[in-house]
Structures are given as C-alpha cells and as structure tokens.
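We name chains A, B, ... by the order of the sequence lines, and we start the count at 1 in each one.
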Amino acid sequence: MKNLLAQLVEQAIGTLQADGTLPAGLDIDVQVERGRGEGHGDFATNTAMRLAKPARRPPRELAQALVDALPPHRYVERVEIAGPGFINFFLTADAAFAVIRDVWEQGEAFGRSRAGEGRRILVEFVSANPTGPLHVGHGRGAAFGSALASLLATAGFDVQREYYVNDAGRQMDILAVSVLLRYLEQRGGAVPFPDNGYRGDYIRDIASGLAERDGDAYRIDTAALTAKLPADASDGGDKEAHVDALVRRSRELLGEARYRAVLDAALEAILADIRDDLGEFGVHFDRWFSERSLTENGAVGRTIERLVEAGHCYEADGALWFRATDFGDDKDRVVRRADGLTTYFASDIAYHLDKFERGFDQLIDVFGADHHGYMARVRASLEAFGYPADRLEFRLVQFAILYRGAERLPMSTRSGEFVTLRELREEVGNDAARFFYVMRRPEQHLDFDLELAKSESADNPVYYLQYAHARICSVLRQLDEQGLDHDPDAGFQALARLTEDHEQALISQLGRFPEVIETAALAHEPHQLAHYLRELAGAFHTYYNAHQFLVDDAGLRNARLNLVLATRQVLRNGLRVLAVNAPERM
RNA sequence: GCCCCGGUAGCUCAGUCGGAUAGAGCAACCGCCUCCUAAGCGGUAGGUCGCAGGUUCGAAUCCUGCCCGGGGCGCCA
C-alpha cells in the first residue's frame, strides 16, 4: 500500500515536471508513512515540504499542485493537505478489505518481499570458542543472528548462515591439556590442575568418553609431565607460562598423533554439544567454518604474503606487523608472532577475504560487544585488500543480564561456572528465551528476568502473543462445537460488514506486516518485528473482547472469521521468522 | 587517556530517512467474566527525551562540548 501511494505521488511529480511546475532532474525519494493520529488519514507524505526548497515554492502550494496532479485510484477515497504541507491519504474500505484477501491468497507467503532479490548476504553469528558450552550471552547472539537471517531471507535475500569455529590456537591446546589431565586423574595419575585450565564438569565427561573409547592409550608418565615446570599462579608463578609449559610437555610425551587425537576428541565433543544446543534452540547454520582449515590449506600464509607484497607490513621485535594505522585503526597489529605462529587476527583476515571471494554482496558479523575492538582492525585489513569497508557490517550484541525477580544473577563465578544457554532454555523454555532475546535492540543491555519469562500472565509478552494465536484456534473449535459453519467465499462477499472501529484497526495492523518485514530486514533489526507482533496481538485481543465472532448472522460471522483467520496467519508468519511456536491451545 | 554502546514516564523499553499533540508494556489507581480461554479488555494518572550550545521551516532524531552508566584498548582468542 505504501509503495502504491508512493508510485502515485511519483506520477504526480512527473506530471508537474512535464508542465514545468517542477524543475526537471530532481531526484527525490517519496516517503510515505502511516498516519498516526485521528485526523491525519491512513497514510501521509511529506513530499511537498521536501520539494519546497529545490522548487523554490511554498510547501502548501506545492502540496496543492501535487494533489491536483495525483492520478485517481480506487483505493484512495480522498486526499487532504494539512499542517505545514503534509498530504494525507484517506483510503477506501476496498483498500482495507484487499488486505484480508491478500493474506488468504498468499497464506504463508504473505509478508515475503523481493526487496533483497538477487543479493547474496552472509551472516556470521555465535562463533563462540569451542572450549565449553554456550552461555546466556551466546544465546542472545544466536537468537538475534538467526532471527536476522530468516528476516533477510523473508525479504528476498539469498542468505548464508555461518559459524566461525575458532578451532586453532593456544586455547585449543589448553583445552586438550585440561582434558588430558582429567583423563589421567581418572586413570589414577592425578596431576595438579593448572589455574588457567578449563575446569568445568564437561571436561571430565569428555575425559571419561576418551577413556571409554581408547582405554589407556594416552597414559603418560605424570612425573615426567610435571617435572621442573614453571610455578603456577597459585604457587606464586605465572599461570600463562605454567600452562604453556604443560602444553609443550604433553605434546612431547604423547607425540603429535596422540596429542592431536585428544585435542580432536575434545573439540568434536564440544562442537557436537554446541550444535545440539543450538539445534534445540531452533538455530541452524549452513556452514561451520573451521579456522584451522585456513591455516592447513595455506590461506593464512597466502594472505600474509599478499599483505607483505602490497607493502602493508613491517617487522619489529621479531614479529610481523600489519600497518593497520594506515587504514584508520588505533594501532598496528601483529599478524605473525616472534615465535613464527600466526595470530588469530591473521586467520580472521583470511576468513573475511574468503567471504568476499565467495562473492557475497554484503557481510554481517554478529559479535558480542566485548569484541568491538576488532571492528577497526578487520575493516582496516579489508581496505588494505581494496574491499569497500561498507560491505562489512558489524552488529554488536550487548550482554544479557539475568535476574530472578529483583535479584541479579552473576554472569560467571570464579570457579568458571556460568549460566548456560541450555540451563536457561530448560528453565524458561525455547520460545520465551528466543522472544526475550530478540525483543530489544541488540545494542541495548538486556535485562532478562527469568521469573517474568516463565510467568503465565499479561506481563509476559511471549504468552500474550501466543495466547492470541491459541484464542483464534479456540474460536474455530467452538465453531465446530456449536454446529456453526464458516464459508470463506461468503465471508469475502460480506467483508463490507466489517465496519467496527476494532475491525478497521485490526485490518490496518495486518496491512503493516509486509512493511514491517521489509523495514526490519533492511535495517537489520528483528526487534521491530517483535514489537509489531505484540501490537497485532493487542489489536486482536481488543477486538475479541469487544465483539463476538460466532454470531447467528451468517454473513457477519463469515466475514469476521475471515478477518480472524487472516490474523492467525499473520501471527504465524511473524512468529515463524522469530522461530517462536504458535500453539493451538494453551 | 583513546575507542564502542547506552541515557526517553516510578521500572523495562519503542520511536524508521529530521516531521504534525513524544508512544507501549509493567507497576499505581478505578472498572469489566450469564458471553468464542480473564494467560484477556477498558479507563485514569504519570515526561526538562542526561546537560549546554549549534544547524533549519521543523530536532528525542543531525553536529560540537560536557556529565553519568556499561564494555574494550595483548606477539589471547
């Protein structure tokens, strides 16, 4: 509808240009918005005010000229000029009823848009380090990223969902050693656990799985393992040096093949857990991109060479630095350390280069806000390769702060225990978790109240929405029980019977859905959809309370049921994008 | 010190590209089940849009400075 009105206005502009009222060659995008207040019509445009300056004529005069030149349309009943030069559109009843027909005809496809047609977009999200289970912070990135991806897909983009697996580097070694030590402990060879190791219970589980599968294959001499190690932090030493030495020793004693087997077992177990966790949460990826693969296939090495050849690097203190300051970063960044190992940053450049080389028009990285320091350097590296920085968008997701009523829960304790995504899902359910995560703009801190998410009351927006859907299903069940029937065709004939204000309001909400999908998708803001759905549910609940649907008057009943079923369809379509269930009864 | 995000009703938050009288939900107060699910609905009250300048027909929105809160500034990932 918005687009239709914009087209009419554009035609009017064309007419005025042809007769010389407006100068030729002005390029203005016509903005049509929904009228808010009572007297402002169904839609409004500020075009006349925006044209006033280039046309050098008063806005109200231009508005009148535009109105005079506006081609008539059966959906437009009348047009008014108001305020400083707004043009307000009042639509015919036909226009409203057309929405109900559209929903019925298009069904699940209602709301899909072609706005992104032909554009390939890659959304990278979660990408949590595979060193342990996902926590509630990752959950927000997961819910946001997947909602964004399906929103983009609904708006016609060709979307790829990707999880970057940081399966290389020091943290993997520490993980391997943590598992090895728990394994040795279980096989009777206890060794003091390093302060910097991963202490969670899942490490023990992985260790026992390893023991079950391979028996004593990884038993090594614990005395040799711990002899003359630098002191750990709790012994007054340095925890980093201690754990690094432990890694080297483990590697020597196990040999490369067995060491790798332990590491891979740990990695696979954790990745499998993450995959299951996300799957149950309704989050799926097209590709799990391994960081290690970039090192092993030489991509990282080639990337560094290219940077060097292009003159963007220098050596200092034995390390190789990328001159990121040439491209707006605060500092230059190391890509190859003095010990010869490439940094995480080097892999990340190679990964983003790979993304571009796969031909995506646009990249979106969803990161936790604590990673924001990364944006400048990654952008810098891509600019060094000649890619325009604006094709990569970072979406920073702030942390979720958990509350139980008024009590704030600690994000993580010293022992390394934190509230996991799985615990959250089990406590409040997937639907509430997803909706709460997506309800807020990602750059807002999220106060996540577990009590509220679980409450079956009006306070809880998830139930409010789902209840609207369940109520409609219940009406249909009542229809059967009361022995009444619903004839959709007759309902369409009788749409003119829908004259109540509540009906007009609900229809108007239904009509917004395609606009919301498109706007939210282009802005990369799923929360807009969440807010819209709540408003839609609100319009329905109001209507439900004000009027009876299952009336004896068959014409009115059929028409109302057509409207109510259209509402159910839109609720379903919207909830599906957010991957929240639409229950038939509650 | 530098960088990123936030500051809108008592609380939690929307507010699209600068538009018309700043909006929801909760909490508070007053009402609504003989009726398709009261997990619902109606009403009342509640505001210096952090502060100060600037830009213009018009600013919560854009620019500058400052204040407050959170996060980040490794040859970690």
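As rounded to whole Å, 13 Å separates atom P of B:rC3 from atom CG of A:D329. Atom CG in A:D485 sits roughly 20 Å away from atom P in B:rC36 (whole-Å rounding). Between the NE2 atom of A:H445 and the P atom of B:rU12 there is a distance of 12 Å, given to the nearest Å. Between the P atom of B:rA39 and the OH atom of A:Y464 lies a distance of 13 Å, rounded to the nearest Å.
The side chain of A:D370 lies closest to B:rG72, out of B:rA77, B:rA14, B:rG72. Here the side chain of A:H541 is nearest to one of B:rC41, B:rG19, B:rC36, namely B:rC41. Of the listed nucleotides (B:rC2, B:rC76, B:rG19), B:rC2 has the atom at the smallest distance from the side chain of A:D330. Closest to the side chain of A:W321, out of B:rC36, B:rC75, B:rU12, is B:rC75. For A:H527, the listed nucleotide lying nearest its side chain is B:rG15; candidates were B:rG15, B:rG6, B:rA77. For A:N545, taking side-chain heavy atoms from C-beta onward, the closest of the listed nucleotides B:rU16, B:rG40, B:rG19 is B:rG40. When distances run from any side-chain atom of A:K331 to the nucleotides B:rC75, B:rC73, B:rG40, the shortest one goes to B:rC73. Among B:rC76, B:rG6, B:rC75, the nucleotide with an atom closest to any side-chain atom of A:E443 is B:rG6. For A:N166, counting side-chain heavy atoms from C-beta on, the closest listed nucleotide (B:rA77, B:rG40, B:rG6) is B:rA77. Closest to the A:T519 side chain, of the nucleotides B:rA38, B:rU16, B:rA14, is B:rU16.
Put simply, A:R534 has no side-chain N or O that comes within less than 4.0 Å of OP1 or OP2 on B:rA14. Regarding contacts with the backbone of B:rC35, every side-chain N or O of A:Q478 stays at 4.0 angstrom or more from both OP1 and OP2. A sub-4.0 Å separation between OP1 or OP2 of B:rA38 and a side-chain N or O of A:R471 is present. Checking the phosphate oxygens (OP1, OP2) of B:rG42, a side-chain nitrogen or oxygen of A:T542 falls inside 4.0 Å. Distances shorter than 4.0 Å separate some side-chain N or O of A:R337 from OP1 or OP2 on B:rC76. Neither OP1 nor OP2 of B:rG19 sits under 4.0 Å from any side-chain N or O of A:Q31.
Along RNA chain B, the nucleotide closest to A:F345 and the one closest to A:F86 are compared, and the more 5′ of them pairs with A:F86. Between A:V32 and A:H547, the residue anchored closer to the 5' end of RNA chain B is A:V32, taking for each the nucleotide with the nearest heavy atom.
Counted by atom type alone, A:N129 and A:Q171 present one or more donor-acceptor pairs between their side chains at under 3.5 Å. Side chain to side chain, A:Y351 and A:E291 fail the donor-acceptor criterion of an N or O pair below 3.5 Å. Judged by distance alone, the side chains of A:H486 and A:N562 do bring a donor and an acceptor atom under 3.5 Å apart. In this structure, a donor-acceptor pair under 3.5 Å is absent between the side chains of A:R572 and A:Q569. Between the side chains of A:E240 and A:N196, at least one donor-acceptor pair of N or O atoms lies under 3.5 Å. Under 3.5 Å, the side chains of A:H352 and A:D365 contain a donor-acceptor pair of N or O atoms.
Pair assignment for B:rA52: B:rU64, on the basis of Watson-Crick or G-U wobble contacts that are both within less than 3.5 Å. Taking a pair to require two hydrogen-bonding distances under 3.5 Å in either a Watson-Crick or a G-U wobble arrangement, B:rC73 pairs with B:rG1. Under the Watson-Crick and G-U wobble criteria, each requiring two contacts below 3.5 Å, nucleotide B:rC26 is paired to B:rG10. Summarising the base pairing, B:rG40 is matched to B:rC32 through a Watson-Crick or G-U wobble pair whose two defining distances lie under 3.5 Å. Using the Watson-Crick or G-U wobble rule with both distances under 3.5 Å, B:rU16 pairs with nothing in any strand shown.
One finds a salt bridge joining A:R497 and A:D553 here, because a Lys/Arg side-chain nitrogen approaches an Asp/Glu carboxylate oxygen to under 4.0 Å.
Side-chain atoms of A:H372 and base atoms of B:rG72 include no donor and acceptor less than 3.5 Å apart.
Here A:L550 lies in heavy-atom contact (under 4.0 Å) with a base.
Classification of B:rC33 as syn follows from a glycosidic angle within 90° of 0.
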